[in-house]
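A, B, ... follow the sequence lines: proteins, then strands. Residue 1 opens every chain. The basis for the numbers below is simple: all heavy atoms, side chains too, and nothing from hydrogens, waters or symmetry mates. Keep in mind that what you see is a predicted model, and the values were worked out from it rather than measured.
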Protein chains: 2
Amino acid sequence: MVTIKQISEKLRLSPATVSRALNGYPEVSAKTRILVEETARNLNYRPNQLAKKLATGRSGMIGLVLPPSNDKGFDPTFFDVMTGLSRRLTELDLDLVFHAPVFGDDIEPFRRLVGKQAVDGFIVTNPRLSDARIDFLLEEDIPFVVHGRNASEQPGFAYFDIDNFRVGYDATKLLLDLGHRKICFLNGPDDVHFSFERKRGFEKALADHGSDAASGAVRHGRMSESYGYREALAALSLPPAQRPTAFVSSSTIIAAGILRAVRDKGLRVPDDVSIVSHDDAPPQLDAMGFDPALTVTYSPLRDACGPLADILQGLLNGENLDKLQITEEAELIVRQSTGPSPSVDQSKGQTA
Amino acid sequence: MVTIKQISEKLRLSPATVSRALNGYPEVSAKTRILVEETARNLNYRPNQLAKKLATGRSGMIGLVLPPSNDKGFDPTFFDVMTGLSRRLTELDLDLVFHAPVFGDDIEPFRRLVGKQAVDGFIVTNPRLSDARIDFLLEEDIPFVVHGRNASEQPGFAYFDIDNFRVGYDATKLLLDLGHRKICFLNGPDDVHFSFERKRGFEKALADHGSDAASGAVRHGRMSESYGYREALAALSLPPAQRPTAFVSSSTIIAAGILRAVRDKGLRVPDDVSIVSHDDAPPQLDAMGFDPALTVTYSPLRDACGPLADILQGLLNGENLDKLQITEEAELIVRQSTGPSPSVDQSKGQTA
DNA sequence: CGGACTTTTCAAATCGTTTTGGAAATGGTG
DNA sequence: CACCATTTCCAAAACGATTTGAAAAGTCCG
């Protein structure tokens, strides 16, 4: 193992100078820098990370803990995010240390990692409206960034989130503008922030529209095909006066269930029923591949990985918090699963 | 941050003694040990991992790299294994550092982690018959354990594997004993060791049986429901003389496809067609929950996590390699998806 | 009591970096 | 040439543990 000392001896320089030259400090002349860099390369010098970490007090490790299990089975999106994070963090010369909590104790891995001083910070995914992990990290004053948010109005932590209010609002407004008056919203679980915000957006759009004829129903549930199928089937089985002509869905997997229910009812999309879904572009489900292609609010999960990593690094470098709280807009992409409300078509025919 | 030095000063002891007392070395009297332990606890002393690592030269980190992507989509079983590994490694006071390779370069993450001296060893999953990662780690002489094996007869590395020859043999023998003579084996990819071994077992069972009337066909493919469906449908569409009366499957997900194909053909399990599958107990698919319950060779993936972690630790502690190469037997569990061959039933009737 | 062990403790070196506080070298100016 | 301000470099002190070699203390026995 070749060390800084060996380089310094070979060059008759002090270790300090070598260290400086290698780390790009300004107080070293150009020629000695080149000389040092060259011999370092020749000797195939690799700085000992542990020594570096001990000296700088930074471990260069980021903690990522498997979020509390949602009943059974893991969230596949988590792993999508994890791989994206790993890629970006690698570019920043940070490493990801992964832990899975034992069932029942969500913050034990955090406590462990903090106690061991093994990581410089954490990335928290799948936050709840009220989240023990966030509370713990705030309490301990450990740097962390959240993918999403919790319930607090003015979060005292760094986060990256999409504008879920707008997601709910835009989807709903699109449908209202198309003449739909009975809209059913199959939302996510009721204990997460994005569901809460989307619901707010949904209700605001209805309220803004003014027409008291417009009405909506919101359902909450675990994002799954069967949930979408079950709830959509129930809604479509209502008497015609109450039956929705359009669905808003919080995920493409739910939308797949809705689509199946519509088909089973012998109805067509978008002629009889419109669907607009949020689409975070999971690897296994392509909204464009739906038949008909799905109208969506589009915001790929993997696009969050880069920003999350960058935010955390900013945090570690002591940047100001207000630059590290980022909310991005989702993009409304109108495809073939939305069309004018059938009832409106009739009224149009009548008024024309 | 409370250090060993502070404890030593408070107790008027030397840091060496404190270190020894805390780490359970014998050359320290019982009373001072108790004393040290007590004050350490009172002061809420937590050893600085980085310092410890620098002094001992061991990082306490284990590298786990996402295996080369199988076309698109990630292998969900990998994450199952990863969480299991994390749990066991945590008990051994080791941490898992995760990396995702950028597409196309499978060993770059290994090279990086090795170069940085960031990990003490690796766990390699989803090995191929010929695997660049294994070659690299052998070359660099880095400790690692493989989940499965590569093509070499006498691997020069630690591994944990199941007896895949027996998996193929036992499943096939069961069907032969039930009178089946035309057996179709829907195996995994052809470039992995377990497929190779199971195929050997399959062929050996046929050969051992002797009856030249018995014949088998082996297919290779990516483990998926659609692969099972497609191949089973093709096989069942053959003229009766060549049509298999039984399937061997390399995974429950394939078996699900076979089952669907059988149904689509208007046939019944096990009356018309028998199925025996290998079952590594993925979280999302329960072989017992099949209708009919699946006859399987049973060996849960997650049961491999503990041994893998233990083997790696043994390796790091310099244990002998031959104790670190473990092959376990899978358990044959006969349930409702296997029954006597329909043609045999006829012959029985004739001979009786 | 004194020598020979054994047990217990300690001071100091080590791990491989970074960082601090000066000192030496350099260069420009009057 | 003396003087001062920059550059450029260095010796030594961290960082917080482990480990080595030796000294001090305790124990035993003749």
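With rounding to whole Å, A:Glu27 atom CD is found 19 Å from C:dA25 atom P. Summarising the geometry, the separation between CG on B:Leu54 and C1' on D:dT19 is reported as 13 Å, rounded to the nearest angstrom. In this structure, A:Leu43 places its CG atom 15 Å from P of C:dG16, rounding to the nearest Å. The interatomic distance linking B:Glu9 (CD) with C:dT9 (P) rounds to 18 Å, in whole Å. Between the NZ atom of B:Lys5 and the P atom of D:dT19 there is a distance of 19 Å, rounded to whole Å. Regarding A:Ile4, its CD1 atom lies at a distance of 8 Å from the C1' atom of C:dT18, rounded to whole Å. As a whole-Å value, the separation of A:Arg20 CZ from C:dG22 P is 14 Å.
Residues B:Asp105 and B:Glu108 come closest through the heavy atom pair OD2-CB, 3.2 Å. Contact between A:Ile142 and A:Val114 at its shortest, heavy atoms only, is CD1-CG1, 3.7 Å.
If you check the side chains of B:Ser86 and B:Thr83, you find no donor sitting under 3.5 Å from an acceptor.
Ring-centre distance between A:Phe79 and B:Phe79: below the 6.0 Å cut-off.
Regarding contacts with the backbone of D:dC10, a side-chain N or O of A:Ser14 is found under 4.0 angstrom from either OP1 or OP2. Residue B:Thr32 places at least one side-chain N or O closer than 4.0 Å to OP1 or OP2 of C:dT9. Phosphate proximity of D:dT8 to A:Ser29: absent, as no side-chain N or O sits under 4.0 Å from OP1 or OP2. Between B:Tyr45 and the phosphate of D:dA17, there is a side-chain N or O to OP1/OP2 separation shorter than 4.0 Å. Considering only side-chain N and O atoms, A:Ser19 lies under 4.0 angstrom from the phosphate OP1 or OP2 of C:dT18. Between A:Tyr25 and C:dT19 there is a side-chain polar atom (N or O) within less than 4.0 angstrom of OP1 or OP2.
The side chain of A:Asn48 approaches C:dT17 more closely than any other nucleotide in the set C:dT17, D:dA11, D:dG16. Minimum atom distance to the side chain of A:Ala55 is reached by D:dC15, of the listed C:dC10, D:dT18, D:dC15. The B:Pro47 side chain lies nearest to D:dA17 when the options are D:dC10, C:dC10, D:dA17. Counting only heavy atoms from C-beta on, B:Lys52 has its side chain closest to D:dT18 among C:dG16, D:dT18, C:dA11.
The rotation axes computed at either terminus of the helix from C:dC1-D:dG30 to C:dG30-D:dC1 lie 60° apart, taking five pairs at each end and rounding to 10 degrees.
Comparing B:Ala16 and A:Thr56 by the nucleotide of DNA chain D whose heavy atom lies nearest to each, the residue mapping closer to the 5' end is A:Thr56.
Using a 4.0 Å heavy-atom cutoff across all strands shown, A:Arg46 reaches sugar-phosphate atoms only and no base atom. Backbone-only engagement by A:Leu13 is indicated by non-hydrogen atom pairs under 4.0 Å involving sugar-phosphate atoms exclusively. Contacts of B:Arg12 with the nucleic acid, taken as non-hydrogen atoms under 4.0 Å apart, involve only primed sugar atoms and P, OP1 or OP2.
Residue B:Phe122 forms a ring-ring contact (aromatic ring centres under 6.0 Å, His included) with just one option from B:Phe110, B:Phe98, B:Phe144, and that option is B:Phe110.
Using a 4.5 Å heavy-atom threshold, the side chains of B:Leu137 and B:Val124 count as touching. At a threshold of 4.5 Å between non-hydrogen side-chain atoms, the residues B:Leu324 and B:Phe157 do not count as touching.
The CD atom of B:Gln313 lies 4.5 Å from the CG atom of B:Leu92; values are rounded to the nearest 0.5 Å.
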